[in-house]
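Numbers here simply count residues along the sequence, with the first being 1.
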Amino acid sequence: MKNGLVIKIEANFYTVAMEMETYLCSSRANLKKAGEKIKVGDRVELDCLETERPVIVNILARSNFLPKPAMANIDHVLIMMSAKDPDFN
């Protein structure tokens with residue numbers, strides 16, 4: 001099994017970056033039954049890389065989590081706001 005980083009989620013499919021490639025993956029049913037939700041930024045373990053659609057078999061430990069928007073393992077946050085127009089309230 002190899003480790004990757006979830007960079008995009010669409011419906012029940014997850015785009016996972018690993019080394020210099022990206023894979024469109026699905027998740028194992030036991031993750032859903034356990035109530036674990038995969039978030040963007042999660043580090044995951046992949047299986048069946050030689051098949052058409054690799055499978056996420058495990059979510060590795062998260063260092064932090066942001067509920068809205070749902071993201072995990074955040075290293076940096078950039079806040080941008082106007083100093084003059086529109087007025088800050």
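- Rounded to the nearest 0.5 Å, atoms SG (C48) and CD1 (I56) are 12.0 Å apart.
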Side-chain donor-acceptor contacts of residues 57-74 below 3.5 Å, not counting sequence neighbours, with atom names and distances?
{"from": "R62", "atom 1": "NE", "to": "D42", "atom 2": "OD1", "distance (Å)": "2.7"}
{"from": "R62", "atom 1": "NH2", "to": "K37", "atom 2": "O", "distance (Å)": "2.7"}
{"from": "R62", "atom 1": "NH2", "to": "D42", "atom 2": "OD2", "distance (Å)": "2.9"}
{"from": "S63", "atom 1": "OG", "to": "N73", "atom 2": "OD1", "distance (Å)": "3.2"}
{"from": "N64", "atom 1": "OD1", "to": "N73", "atom 2": "N", "distance (Å)": "3.1"}
{"from": "N64", "atom 1": "OD1", "to": "I74", "atom 2": "N", "distance (Å)": "2.7"}
{"from": "N64", "atom 1": "ND2", "to": "I74", "atom 2": "O", "distance (Å)": "3.0"}
{"from": "N73", "atom 1": "OD1", "to": "S63", "atom 2": "N", "distance (Å)": "2.7"}
{"from": "N73", "atom 1": "ND2", "to": "G41", "atom 2": "O", "distance (Å)": "2.9"}

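- The CZ atom of R43 sits 6.5 Å away from atom CG of L5, with the distance rounded to the nearest 0.5 Å.
- Note on I9: it does not cluster hydrophobically with V55, by side-chain heavy-atom contacts below 4.5 Å among ILVMFWY residues.
- Taken from OG in S27 to CD in E36, the straight-line distance is 10.0 Å, to the nearest 0.5 Å.
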Please step through side chain to side chain contact (heavy atoms under 4.5 Å, CB included) for the pair K8 and T22, ending with a clear verdict. CA-CA 10 Å; K8 180 178 170 183; T22 59; over 6 Å; no
Acceptor/donor pairs from residues 11-19 side chains to any protein atom, 3.5 angstrom cut, sequence neighbours excluded:
none

